Amino acid sequence: MRVLVTVMSLTWMLTYDLIAYAGSLSAEQVNGVYDLAKPERSAAGQTQELLIQLGEHQGKTVIATAGCERCPPAIYSLMKQESSELQRAVFFNSMGVYLISYDDNTLVSVMADGLLGKKVWQKIAYINVYRKRGSPGIELAAAKTFVISESERLMTGEGVEKVAVTGGVGITIARQDIR
């Protein structure tokens with residue numbers, strides 16, 4: 001009984017985290033085969049589809065993408081703060097590629113000229129649209145406009161969820177360089 005309660009508690013906490021940070025994404029909704037707007041390279045060669053799974057790995061919420069069942073996956077970690085502020089799931093991998101949820105069935109894969117939240121993106125080095133098989137998607141041009149506007153929204157704070165800063169004594173002191 002104790003194990004069951006613990007498992008149910010952990011399942012609820014994971015579900016809560018996914019809802020709070022990843023919008024309405026759930027494993028049941030995300031997991032599946034996705035069609036690509038343009039082909040990508042994989043261990044199996046050029047592919048027009050990806051297998052995508054949402055789950056947990058080493059205590060982190062991740063999305064794994066693979067060109068085939070035997071292909072090594074690319075792992076993207078959930079960016080909690082950015083996801084919370086933008087109110088949509090944002091994932092990032094070690095190669096500098098972001099996966100940004102456009103809607104419940106569409107992810108935009110993008111590599112830009114800076115880190116999300118550090119500058120407004122000007123140049124997109126790579127972009128692709130992953131559309132869950134059987135659902136409508138968006139065009140690459142619309143995806144590019146979307147990711148640039150999301151980077152701008154995060155930088156300007158317009159339309160993002162306000163994040164409360166807690167702690168400290170509530171006093172801000174301007175830093176001065178003394179030479």
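As the structure is a prediction and not an experimental result, all values here were calculated from the model. Just so you know, these numbers use all the heavy atoms, side chains as well, and skip hydrogens, waters and symmetry mates.
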Using the ring of each side chain (for Trp, its six-membered ring), is F92 parallel, tilted or perpendicular to Y98, with breaks at 30° and 60°?
tilted
Hydrophobic cluster identity match, [X] and [Y], side-chain contacts under 4.5 Å:
| X | Y | result |
| --- | --- | --- |
| V30 | L51 | no |
| L115 | L154 | yes |
| V120 | F146 | no |

Could you go through I138 and D103, starting from their C-alpha distance and side-chain angles, then the distance that decides it, and tell me whether this counts as side chain to side chain contact (heavy atoms under 4.5 Å, CB included)?
CA-CA 10 Å; I138 59 171; D103 61 28; 5.8 Å; no
Rounded at 0.5 Å granularity, tell me how far [atom1] in [X] sits from [atom2] in [Y].
| X | Y | atom1 | atom2 | result |
| --- | --- | --- | --- | --- |
| L36 | Q48 | CG | CD | 5.5 Å |
| L140 | I124 | CG | CD1 | 11.5 Å |
| W121 | M155 | CH2 | CE | 12.0 Å |
| L107 | T65 | CG | OG1 | 9.5 Å |
| Y76 | L99 | OH | CG | 4.5 Å |
| E40 | Q46 | CD | CD | 9.0 Å |

Could you tell me which non-hydrogen atom of [X] sits nearest to which non-hydrogen atom of [Y], and how far apart they are?
| X | Y | result |
| --- | --- | --- |
| A66 | P72 | CB-O, 4.5 Å |
| Y34 | G32 | CD1-O, 3.7 Å |
| T47 | G67 | OG1-O, 3.9 Å |
| A64 | I75 | CB-CD1, 3.7 Å |
| V129 | A143 | CG2-CB, 3.6 Å |
| K38 | I127 | CE-O, 2.9 Å |

CZ/R70: more than 12 non-hydrogen atoms of other groups inside 6.0 Å
no
Around atom NZ of K119, are there more than 12 heavy atoms of other residues, nucleotides or ligands at under 6.0 Å?
yes
Can any side-chain N or O of [X] pair as donor or acceptor with the backbone N or O of [Y] at less than 3.5 Å?
| X | Y | value |
| --- | --- | --- |
| N128 | S109 | no |
| D113 | Q122 | yes |
| R153 | L86 | yes |
| R88 | S101 | yes |
| K132 | N31 | yes |
| S84 | K80 | no |

Hey, mind stepping through F91 and V62 against side chain to side chain contact (heavy atoms under 4.5 Å, CB included) and telling me if it holds?
CA-CA 7 Å; F91 294 83; V62 298; 5.6 Å; no
When you check the side-chain N and O atoms of D104 and Q29, is any donor under 3.5 Å from an acceptor?
yes
